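In this text the structure is predicted, and so the values were computed from the model without any measurement. Residue numbers start from 1 in every chain, and the chains themselves are labelled A, B, ... in the order their sequence lines are given, proteins ahead of strands. Values below: all heavy atoms of this structure, side chains included; hydrogens, waters and symmetry mates excluded.
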Number of protein chains: 2
Amino acid sequence: MSTVAESVGGAGDVVDLVRRAIHEGEFVPNQRLVEADLSVQFGASRAAVRTALVQLAAEGLVERVQNRGARVRAVSLAEAIEISEVRMVVEGLCAAKAAERATDDDLATLRAIAADMRDAVERGDVFGYSELNRRLHATVRAVAGQSVAAGVLDRLRGQNVRHQFRLALLPGRASVSLPQHLEIVEAICARDPGRAEAAMRAHLASVIETLPSVGGPSGA
Amino acid sequence: MSTVAESVGGAGDVVDLVRRAIHEGEFVPNQRLVEADLSVQFGASRAAVRTALVQLAAEGLVERVQNRGARVRAVSLAEAIEISEVRMVVEGLCAAKAAERATDDDLATLRAIAADMRDAVERGDVFGYSELNRRLHATVRAVAGQSVAAGVLDRLRGQNVRHQFRLALLPGRASVSLPQHLEIVEAICARDPGRAEAAMRAHLASVIETLPSVGGPSGA
DNA sequence: GCAAACAGAATTGTTGACAATCCTTGCGCC
DNA sequence: GGCGCAAGGATTGTCAACAATTCTGTTTGC
């Protein structure tokens, strides 16, 4: 019990609670999500839980089958690769747009992140590097100002957190991705959309190549 | 009354009815979707309608605000362009994958569509060409075998049908896009992923350029 | 004449109970 | 001993009624 905040005020935010529980790993892939159980765990009505599950199903985080209830959707390795392939091209688009639209302030922010990344790798701070990685990609998306692309990426990332997480912990991963990240920042700072897109795609292609070696936390 | 099939068996398929009504233009952008009204129009319970609206909101087709109900979401011209930009890169990915994976049968199908397109343009059959256009893109997606990309494209296309439709009716549009479509098919038949992606991107870039001239059916 | 407060209608949000469906368990039969 | 089968429990789907909120039109006071 009490693994996650229990009481919840209203109802509309049950989605966030369930989503976080899935992301944090409290609900593992293929685990059944019984409406009655969730409603007592989160202190919400069953209808609220039901609505949340419908919404999460549309987000691709849970699977719902008629009269059989909902379970946490397991994304196979093959699907994780497909997701990353789509991410590759969409983030490539964002990188190109970012190169076109970045203000001087944006460039300063990106350069700061790049510098911090260098430091983190030098210090061997894997967790800090992972966080900076997240922030770099988020900043590129924000600078690009493409809300549609951002929405697509959010959805895809949500389904993939598990694989992404494993990847970051792979020893030696940081030293491989660091130069790729630096090249992305450099290309954007040079305001060269083509180069920025190519750099982002090269980086994610490298991620895709590495994915199989982290195995399937949520096998077939 | 009786604008749309009224009686419906159960409830789960209310989403399809509402979705189609939006696509067919029966529900125009920004139109309010009152739960009670829909429930009598479709002969379903209010709870079923409510569930459908939650789902459609997650799909991005309707907008829901607390205590204020749902309305058909209006996609601005700017957003339509963003959607098409994302489509551009994702369909580009699909074209590349299709070039890699197409079987001889697939190529025959694509060539047949290309031939029919030529005929349709020659005959001045705008509607037939529009349908072939739809089928070409669908076939490329299917051949690519990328279910994740297909899902993303479905979602985006669903939000954009209105603009797409207007575009197809633009006089002289077909003669512009025909050579682009032929090049896409040729590139895939040559099993050249890079060329296929470039061709698809060029085609959609042309679509994006043309979008502003069809104006905003659902203004600001 | 205009702004603010007020009642009434319209609409959504929520709850609880009931019906339908599916899975499990135990029994009888071959 | 294995297999079909019915009863029971568990879980989801559905519904109708109630509570809460927002919107609309009117009235009142200045």
**For A:Arg32, side-chain hydrogen bond (donor to acceptor under 3.5 Å, both in side chains) partners two or more places apart** = none
**Fill in**
Per the 3.5 Å Watson-Crick/G-U criterion and a run length of at least three, the stems involving DNA chain C are C:1-30 with D:1-30
Using the salt bridge (Lys or Arg N to Asp or Glu O under 4.0 Å) rule, collect all pairs that involve [range], keeping only residues at least two apart or in two chains.
range                       : answer
residues 101-113 of chain B : B:Asp104-B:Arg191
residues 136-151 of chain B : B:Arg141-B:Asp154
residues 201-211 of chain A : A:Glu197-A:Arg201, A:Arg201-B:Glu197

**Message:** Side chain of A:Ala47, heavy atoms from C-beta onward: which of C:dT11, D:dC15, C:dT15 has the nearest atom to it?
**Reply:** C:dT15
**From D:dT14, D:dT11, C:dG13, nucleotide with atom closest to B:Arg64 side chain** = C:dG13
Grab the N/O contacts between the protein and nucleotides 17-23 of chain C below 3.5 Å, and write none if there aren't any.
residue: C:dT21; atom: O3'; partner: A:Asn67; partner atom: ND2; Å: 3.3
residue: C:dC23; atom: OP1; partner: A:Arg68; partner atom: NE; Å: 2.7
residue: C:dC23; atom: OP1; partner: A:Arg68; partner atom: NH2; Å: 3.4

In whole Å, what is the span from the [atom1] atom of [X] to the [atom2] atom of [N]?
X       : N      : atom1 : atom2 : value
B:Arg50 : C:dT14 : CZ    : P     : 7 Å
B:Leu38 : C:dT12 : CG    : C1'   : 13 Å
B:Glu63 : C:dT12 : CD    : P     : 15 Å
B:Glu35 : D:dT21 : CD    : P     : 17 Å
A:Phe42 : C:dT14 : CZ    : C1'   : 19 Å
B:Leu53 : C:dT11 : CG    : P     : 14 Å

**Request:** Describe, in one word, how the ring planes of B:Phe42 and B:Phe27 are oriented to each other, choosing from parallel (under 30°), tilted (30 to 60°) and perpendicular (over 60°).
**Result:** perpendicular
**Prompt:** Between A:Ser45 and C:dT14, is there a side-chain N or O to OP1/OP2 distance below 4.0 Å?
**Reply:** no
**Message:** Tell me every residue that passes side chain to side chain contact (heavy atoms under 4.5 Å, CB included) with B:Ala57, counting only those two or more places apart in sequence or in another chain.
**Reply:** B:Val62, B:Arg64
**Item:** Selection residues 88-100 of chain A - residue pairs positive for side-chain hydrogen bond (donor to acceptor under 3.5 Å, both in side chains), sequence neighbours left out
**Value:** A:Arg87-A:Glu91, A:Glu91-A:His137, A:Lys97-B:Glu85
**Message:** Please enumerate all residues that pass salt bridge (Lys or Arg N to Asp or Glu O under 4.0 Å) together with A:Arg46, with sequence neighbours excluded.
**Reply:** A:Glu35
**Message:** salt bridge (Lys or Arg N to Asp or Glu O under 4.0 Å) for A:Arg73 and A:Glu79? Distances and angles first, verdict last.
**Reply:** CA-CA 12 Å; A:Arg73 200 168 78 86; A:Glu79 197 173 355; 3.0 Å; yes
